[in-house]
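Scroll down for the structure; my scribbles are underneath it.
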Amino acid sequence: MTSNAEAAEIFRTIADFLDLLGEKFKPEAYRRAARSIESLTEELGAVAARKELRSIPGVGDAIAEKIEEYLRTGSVPYYERLKREIPPGLVELMRLPGLGPKTARRFWVDLGVEGPNELRDAIAAGRLVGMKGFGEKKIDQIRSALAASAAGAGASRRPIEEVYPVARALVHALEDGNDADRVEVAGSFRRARETVGDLDLLVTSKDPARVFETFSTHPLVAEVMMRGETKETVLLQGGFQVDLRVVKPEEFGAALQYFTGSKDHNVRLRSLARDRGLKVNEYGVFRGDERIAGATEEEVYGSLGLAFIPPELREDRGEIERAARGPLAPLVSDPDLKGDLHIHLPPDAGPEAVDRAVAEARGRGYAYVGVVVGGVGADSRVWLLPPTTRARIPELRTPRLAVSAVLETGRDAVPDELAEIPHDARIVRPIGGASASDRSTVRGRGPPPTLVAHVGASGATEAATLAAWVEVARRVGAGIEVGPGSERLDSGAARTALEAGVRLHVPTGLLAPPDDPTRAVALGFARRAGAAPDSVINVRAEAEVSTTGSGSTRERRGRSSDLPRSRPGARRPGS
DNA sequence: GCCGTTTTCGGCCCGACTGTTTTCAGTCG
C-alpha cells in the first residue's frame, strides 16, 4: 500500500542522504518535492493517473519518474541504493540539534562513527579531543544532544489547538509588560497550520534586553537556551520551543512577513524581488541601499508589485502568481459569521442553558443559533433559534420550531449507505451514534440537513470515507464542519470539500471560555483551505439557512447539482 | 534536481548566532 506520507518521507530521507554526501542543491530540491507531496489534497496515484505529476511544485522529470516507480512497486531504487551506501545512523546524527550533515559526515569519515551509540563511545574514549573545530563546549553540546535524544525528548510538532492557549498567554504577558509595544505571533501558527513545531513571537521595543529579561521569568518558561541582541530562544515546561525577536517599528512588517513564512513562499518572493532588482530580507525591501518598504506587510507585498497575501495562503501554491495579477478574493473572517448551527447542550440541560446560548449569540450580533440538546446520541434534536427567542426547552419540542437539522454522524454511521439516499429524501432525525436499526430514520420525512457534523468520528481520516461524506453533503446541499479536533475537517479535508462545491460550517465556540481555540482555529483552517465568505454556510442570514418549505429545498438542490462532482482526495496534515 | 514575462543553462534566500576562531564554518530558521 502506497501513501503520500510515505513517499514524502522517502524523498526527505533521500535529501538527508544527499546532504551527507555533500551535495549542494539536490537536497533542497528533494525536500521541496516532499513538502509539496505532503500538502496534496489527493492521492499521488490519482495525480499520476491524470499524467499530472509534473504539475506538482518542485516535481520535475527525475522525481516524477521516482514517484511512478514508487506507485508501481512500493519502493524507489535510488533510495534503496543510497540506504545501502550510507549508514542510516548518520541520518539520526544529523537530525540531532546542533549537528548537521557536515558534522555527521566528519564523524563518519574521520572516526568511522556510523550512529548515535558509536558517537557516544567515541566521546567517552576522548576521540573527539583535538579534532579541528571541536572544543570542550562543542563536545559537551553533542553529549547532551545525544543524552536528550536517548531520553526520547525529541521536539515534535503539536496540534495548533493545544498551542493556542500558550500563545495567548505569552502574548498577553508581553502586552501587559511595559517594555513591548507591538506583539505578534508569526510562523506556522499564524499560517494556521494544523501542527506547530515552535512559536515565533515578534515585538517592537526600545529596550530589547528588558523584554528578554521579563520574558524569561514568565512562569511557563523553563529554560533560556540562547539570548542575543535581537533574539532569545526559550524552552517552555514540557520542552516546547519559543523564539522571541525584537525589531524596529520601521522593520516590523518585513520581519512579520519574513518570520511568518512559509519557507517556500519566502524563497519564491525573494527570487521575484531579485528579478526586479530588489532585495528582501527581514529588515525591509531594498533597492540598493535604499529601504523602499518594511513597516507593514501590505507595503512589502506592494513594493514587489503584489497584492496582499493572507498568511494562511503563504505556501507557494500559486498564491504569488495570483497576487501579481491583482487583489486576491477575500477569505472568510470573523465578522462574516452570522450564527452557529451546531451548539451541543447536555441531555439534561435546562431552559437557562438555552437562554445562555441565545443571549451569547445575541451579544455577538448573530442572527440564529442551532441547539442540539443531547450529545451525539440517537435522541438528540436540533432546533434553530433566532436569538430573539426566549427559549424554553418544552416549548421547543414542537415541530414548528424545528427549521433545520444537523446530520449527526457517529462512529457507526456508514456514508456509503447514506450516499444512496434518494434525492427526495428528507432527514428529520439526527442519527448520531445510531445503531444499525436506527439508520432507517435517515429516510424519514422533514427538511434535509443543513449540516453534516462529526465527520471525523466516523473515520474520515481515510480519504475514501471523507470523499463519501463530502458526497453526502453535496447531494443534500448541506455544509460540513471545519475546525480543530478529530471530528471536524482540517484544512486539507476542507479544501477537498470546497473543491466538490460543499460549503463549510465554522464553529463559533459560542459557549466556550474566552481562550478556547475552536473559533480562531476553525477560521484559520477555513481560510487556509481558501474559503471565501460565500463558501461558509453560517455567514448567511437566517432566512437563507433555514430549509423550511419545499421551495427553498428545491432551489438548493438545483444549485448543488450544478457543482462539480466530488473528487476523492487524500487527507494530509497541512503543509 | 528544479526552474524560467530577462534565462532551456546557470543560477539556487539570507542573516543571526555559536563555537572556534584571529576571519570563518556550521547550523538554524
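Treat the numbers as computed from the prediction; the structure is a model and nothing was measured. Quick note on labels: first sequence line is chain A, next is B, and so on, each numbered from 1.
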- Whether Phe134(A) and Phe107(A) hold their rings parallel, tilted or perpendicular, with breakpoints at 30° and 60°: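 Geometry flag for Phe107(A) against Phe134(A): tilted rings.
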
- Query: Do the rings of Tyr79(A) and Phe17(A) sit parallel, tilted or perpendicular, given the 30° and 60° boundaries?
  - Reply: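 Tilted, since the angle between the ring planes falls between 30° and 60°.
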
Have a look at [X] and say if it touches a base, only the backbone sugar-phosphate, or nothing, with a 4.0 Å heavy-atom cut-off.
| X | answer |
| --- | --- |
| Pro27(A) | nothing |
| Glu28(A) | nothing |
| Glu321(A) | nothing |
| Asn266(A) | nothing |
| Lys26(A) | base |
| Glu23(A) | nothing |
| Leu18(A) | nothing |
| Ile139(A) | nothing |
| Asp61(A) | sugar-phosphate |

Rounded to whole Å, please give me the gap between [atom1] in [X] and [atom2] in [N].
| X | N | atom1 | atom2 | answer |
| --- | --- | --- | --- | --- |
| Asp198(A) | dT27(B) | CG | C1' | 15 Å |
| Ile10(A) | dG1(B) | CD1 | C1' | 17 Å |
| Arg268(A) | dC3(B) | CZ | P | 8 Å |
| Met226(A) | dT27(B) | CE | C1' | 11 Å |
| Leu21(A) | dG1(B) | CG | P | 12 Å |
| Glu282(A) | dG15(B) | CD | P | 7 Å |
| Asp243(A) | dA16(B) | CG | P | 15 Å |
| Met225(A) | dC17(B) | CE | C1' | 12 Å |

Between [X] (side chain only) and [Y] (backbone N and O only), is there a donor and an acceptor less than 3.5 Å apart?
| X | Y | answer |
| --- | --- | --- |
| Glu319(A) | Glu315(A) | yes |
| Asp316(A) | Arg268(A) | no |
| Thr260(A) | Pro311(A) | no |
| Arg270(A) | Asn266(A) | yes |

Strictly below 4.0 Å: does [X] bring a side-chain N or O up to OP1 or OP2 of [N]?
| X | N | result |
| --- | --- | --- |
| Thr103(A) | dT27(B) | yes |
| Lys66(A) | dG1(B) | yes |
| Tyr283(A) | dC13(B) | no |
| Asn281(A) | dC14(B) | no |
| Lys263(A) | dC12(B) | no |

- Query: Got a donor-acceptor pair under 3.5 Å from the side chain of Tyr258(A) to the base of dG29(B)?
  - Reply: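 Such a pair exists between side chain and base.
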
- Message: Quick check on DNA chain B: between Ala64(A) and Arg95(A), whose nearest nucleotide comes earlier from the 5' end?
- Response: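 The answer here is Ala64(A).
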
- Item | Closest-nucleotide 5' rank along DNA chain B - winner of Ala29(A) and Gly133(A) |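 By nearest-heavy-atom nucleotide position, the 5'-most residue is Ala29(A).
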
Atom [atom1], compared across [N] and [M]: separation rounded to whole Å:
| N | M | atom1 | answer |
| --- | --- | --- | --- |
| dT27(B) | dC13(B) | C1' | 16 Å |
| dG15(B) | dC2(B) | C1' | 25 Å |
| dT22(B) | dG11(B) | P | 31 Å |
| dC14(B) | dG4(B) | C1' | 22 Å |
| dC28(B) | dC9(B) | P | 37 Å |
| dT6(B) | dG1(B) | C1' | 23 Å |
| dG26(B) | dT20(B) | P | 14 Å |
| dT7(B) | dC17(B) | C1' | 36 Å |

- Quick one: do Arg31(A) and Asp19(A) make a salt bridge, cutoff under 4.0 Å?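 Between Asp19(A) and Arg31(A) there is a salt bridge, with a charged N closer than 4.0 Å to a carboxylate O.
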
Choosing from [options], which nucleotide comes nearest the side chain of [X]?
| X | options | result |
| --- | --- | --- |
| Ala62(A) | dC14(B), dG1(B), dT18(B) | dG1(B) |
| Arg274(A) | dG29(B), dC12(B), dC17(B) | dC12(B) |
| Thr230(A) | dG15(B), dC13(B), dC17(B) | dC17(B) |
| Lys231(A) | dC13(B), dC17(B), dG1(B) | dC17(B) |
| Pro101(A) | dG1(B), dT27(B), dT20(B) | dT27(B) |
| Lys102(A) | dG26(B), dA16(B), dC17(B) | dG26(B) |
| Asp200(A) | dG1(B), dG29(B), dT20(B) | dG29(B) |

- Flag this pair as yes if the NZ/CZ of Lys66(A) is under 6.0 angstrom from the six-membered ring centre of Tyr78(A) and inside a 45 degree cone about the axis; otherwise no.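 The answer is yes; both the distance and angle limits are met.
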
- Enter syn or anti for the glycosidic conformation of dT7(B), syn applying to angles within 90° of 0.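 With its glycosidic angle within 90° of zero, dT7(B) counts as syn.
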
- Item | Min side-chain heavy-atom separation Val285(A)-Glu299(A) under 4.5 Å |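 Not touching, per the 4.5 Å side-chain cut-off.
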
- Query: Is Phe25(A) stacked on the base of dC2(B), with ring centres under 5.5 Å apart and planes under 30° apart?
  - Reply: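 It does not: the ring fails the test against the base of dC2(B).
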
- Message: Partner lookup for dT8(B), please. Criteria are Watson-Crick or G-U wobble with both distances under 3.5 angstrom; report none if nothing qualifies.
- Response: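 Result: none.
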
